[in-house]
Amino acid sequence: MKRLAQLKEEGLAKIEACRDLNVLQTLRVLYLGKKGPVQEVMKMMKELPKEDRPAFGQQVNEIKSLFASMIEERKQVLEEEAIQKQIESEKIDITLDGLKPVIGTIHPLMLVQQEIEDVFIGLGYTVADGPEVEMDLYNFERANIPKDHPARDMQDTFYINAEELLRTHTTAIQTRQLEKCAKEHALPIKVICPGKVYRRDDDDATHSHQFIQCEGLVIGKDIRLSDLKGTLLFLAQKMFGESRTIRFRPSYFQFTEPSVEVDVSCHVCGGKGCSVCKGTGWIEILGAGMVHPNVLEMAGIDSKEYSGFAFGIGIERVAMLKYGIQDIRNFYTNDIRFLKTFNRFE
């Protein structure tokens, strides 16, 4: 009985002093397990007189129950302490200044492209895409530029093989659209074709071997040059201001006949003459014209019944004029200081 009292005192002291759940589990196994000191004391029962055994067994069971209840109580206390410590360690001080999330910016070229797309979508145009690795057939021949034509020298480009190249203009998307719509009898056509184009060119402040074009195409009955001018005037006023005017100058493009260069009145000086417009009051922004009958016929469209206009504008050109950017290479150097200039969220 003396050994039993010592065991009780020792066990309760250890349980009470325990500060760790893993240690508490070890004590549980020690005092309630089959190989612990309590079980060792139970083996001494056979040495007692028969009349003392029931009282001894009852006392052992009471001690085991006491150990079990004390261990459970201690477990609850330690678990609550652990939760409280976790809450304290993970507590957020809502009075502190928050961390401002880093929000990316839309690239200025994409801003201009989206703005142009919005203008023409509002006019009922659809946006078409096409492969950047294009067939010579659609890039040149269907654009009325046959093999050995001198105009190909102006667009000396990157060939993948004898029949495929990196497209030199998004006119290739237009020629594909013409063929598709002719086969599906889906006329009239009102489409714009934005995308990257590639030409073997010097890289300087105003030229790049890669740039973004946005070309437009309208095919229908009784389409006139005046329709083209009204469309481009609307575009110029949306992009550069409602007070802008445009003018046509005769030019030559293989895809169109007649062809024109399009100038917009200078948005800096209002047409009076300044360094931006080189004293002329006008800034060249794009090329355009009426779609050549040969182009329509090659696509399977009757040029006597249908006519149309096309135009092509450089996204970089518009962005440089719109934002006063002097060097085209700024668009491609990934300088975060330059790109942050166009952050609409700051």
Side-chain angles (χ1 to χ4, degrees), residues 106-120 125 127-130 132 134 139 143 145 151 154-158 166-175 191-217 228 231-241 244 246-249 251-256 259-268 276-278 280 282-289 309-333 338 342:
I106 300 176
H107 196 279
L109 296 181
M110 291 300 100
L111 287 174
V112 172
Q113 179 176 321
Q114 290 172 5
E115 190 172 352
I116 292 175
E117 288 177 0
D118 288 344
V119 169
F120 283 101
Y125 287 64
V127 181
D129 194 10
E132 292 183 26
E134 186 55 272
N139 192 80
I145 310 174
M154 299 173 60
Q155 299 187 29
D156 197 7
T157 188
F158 304 97
L166 296 180
R167 67 186 179 199
T168 63
H169 46 199
T170 54
T171 305
I173 304 177
Q174 294 188 33
T175 58
V191 64
I192 58 169
C193 313
K196 293 180 182 177
V197 297
Y198 306 85
R199 297 181 187 179
R200 197 185 65 151
D201 206 342
D202 295 329
D203 285 341
D204 56 32
T206 57
H207 297 85
S208 173
H209 65 281
Q210 171 201 292
F211 54 99
I212 303 175
Q213 263 191 342
C214 184
E215 298 195 20
L217 176 69
L228 170 62
T231 300
L232 296 182
L233 175 61
F234 183 79
L235 173 64
Q237 291 177 343
K238 287 295 183 181
M239 298 302 295
F240 300 109
R244 302 280 69 77
I246 63 172
R247 71 176 183 182
F248 282 180
R249 291 181 290 108
S251 187
Y252 171 73
F253 302 111
Q254 300 75 34
F255 190 79
T256 54
S259 302
V260 294
E261 295 282 0
V262 183
D263 301 331
V264 62
S265 57
C266 182
H267 58 288
V268 176
V276 175
C277 61
K278 299 179 181 179
T280 66
W282 297 93
I283 300 174
E284 180 184 329
I285 57 169
L286 59 87
F309 63 76
F311 58 87
I313 188 169
I315 300 297
E316 286 85 349
R317 175 69 170 161
V318 175
M320 292 175 75
L321 293 173
K322 190 175 180 68
Y323 299 123
I325 298 168
Q326 301 297 318
D327 195 326
I328 193 174
R329 291 169 293 193
N330 287 329
F331 294 124
Y332 304 110
T333 53
F338 172 77
F342 305 90

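Keep in mind that this is a model prediction, so the values were computed, not measured. Residue numbers run from 1 in the order of the sequence given.
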Could you go through I106 and Q114, starting from their C-alpha distance and side-chain angles, then the distance that decides it, and tell me whether this counts as side chain to side chain contact (heavy atoms under 4.5 Å, CB included)? CA-CA 10 Å; I106 300 176; Q114 290 172 5; 4.2 Å; yes
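Scanning all heavy atoms of the two residues, the minimum distance from G195 to R167 falls at CA-NH2, 3.4 Å. Between V197 and T170, the shortest heavy-atom contact is CG1-N, 3.6 Å. I173 and P194 make their closest contact through CD1-O, 4.2 Å (heavy atoms, listed as atom of the first residue, atom of the second, distance). Taking every heavy atom of both residues into account, N139 and H169 meet most closely at O-NE2, 2.7 Å. The nearest pair of heavy atoms linking S259 to T256 is OG-OG1, 2.5 Å. When every heavy atom of C193 is checked against every heavy atom of Q174, the shortest pair comes out as SG-CG, 3.8 Å.
Under the 3.5 Å distance criterion, the side-chain polar atoms of H267 are left unmatched by any main-chain donor or acceptor of M239. In terms of modelled atom types and a separation under 3.5 Å, the side chain of E261 and the main chain of S251 share no donor-acceptor contact. The closest donor-acceptor contact from the side chain of E132 to the backbone of L166 lies at 3.5 Å or more, if one exists at all. A donor-acceptor contact shorter than 3.5 Å is absent between the side chain of R247 and the backbone of S265. Within the 3.5 Å criterion, the main-chain N or O of A143 finds no donor-acceptor partner in the side chain of T175.
Take A288 and apply the side chain to side chain contact (heavy atoms under 4.5 Å, CB included) test, not counting sequence neighbours, and it matches L228, L232, V260, V262, L286, F311.
Atom CD of Q210 sits about 5.5 Å away from atom OH of Y332, to the nearest 0.5 Å. For the atom pair CD1 of I328 and CZ of F211, the computed distance is 8.0 Å after rounding to the nearest 0.5 Å. Rounding to the nearest 0.5 angstrom, the gap separating the CD1 atom in I315 from the CE atom in M110 is 7.5 Å. One distance of note links CD1 of I192 with CD1 of I116; it measures 8.0 Å at 0.5 Å rounding. Considering CZ of F120 and CG of L235, their distance stands at 4.5 Å, rounded to 0.5 Å. Between atom OH of residue Y323 and atom CG of residue N330 there is a gap of 14.5 Å, rounded to the nearest 0.5 Å.
Salt bridge annotation for R317-E284: absent, with no cationic side-chain nitrogen under 4.0 angstrom from a carboxylate oxygen.
Side-chain contact between F240 and L321: present, with at least one pair of heavy atoms (C-beta onward) separated by less than 4.5 Å. Side chains of Y125 and T231 form a contact here, defined as non-hydrogen atoms less than 4.5 Å apart.
By the neighbour-count criterion of 12 heavy atoms within 6.0 Å, atom NZ of K322 is densely surrounded, having more than that number from other residues, nucleotides or ligands.
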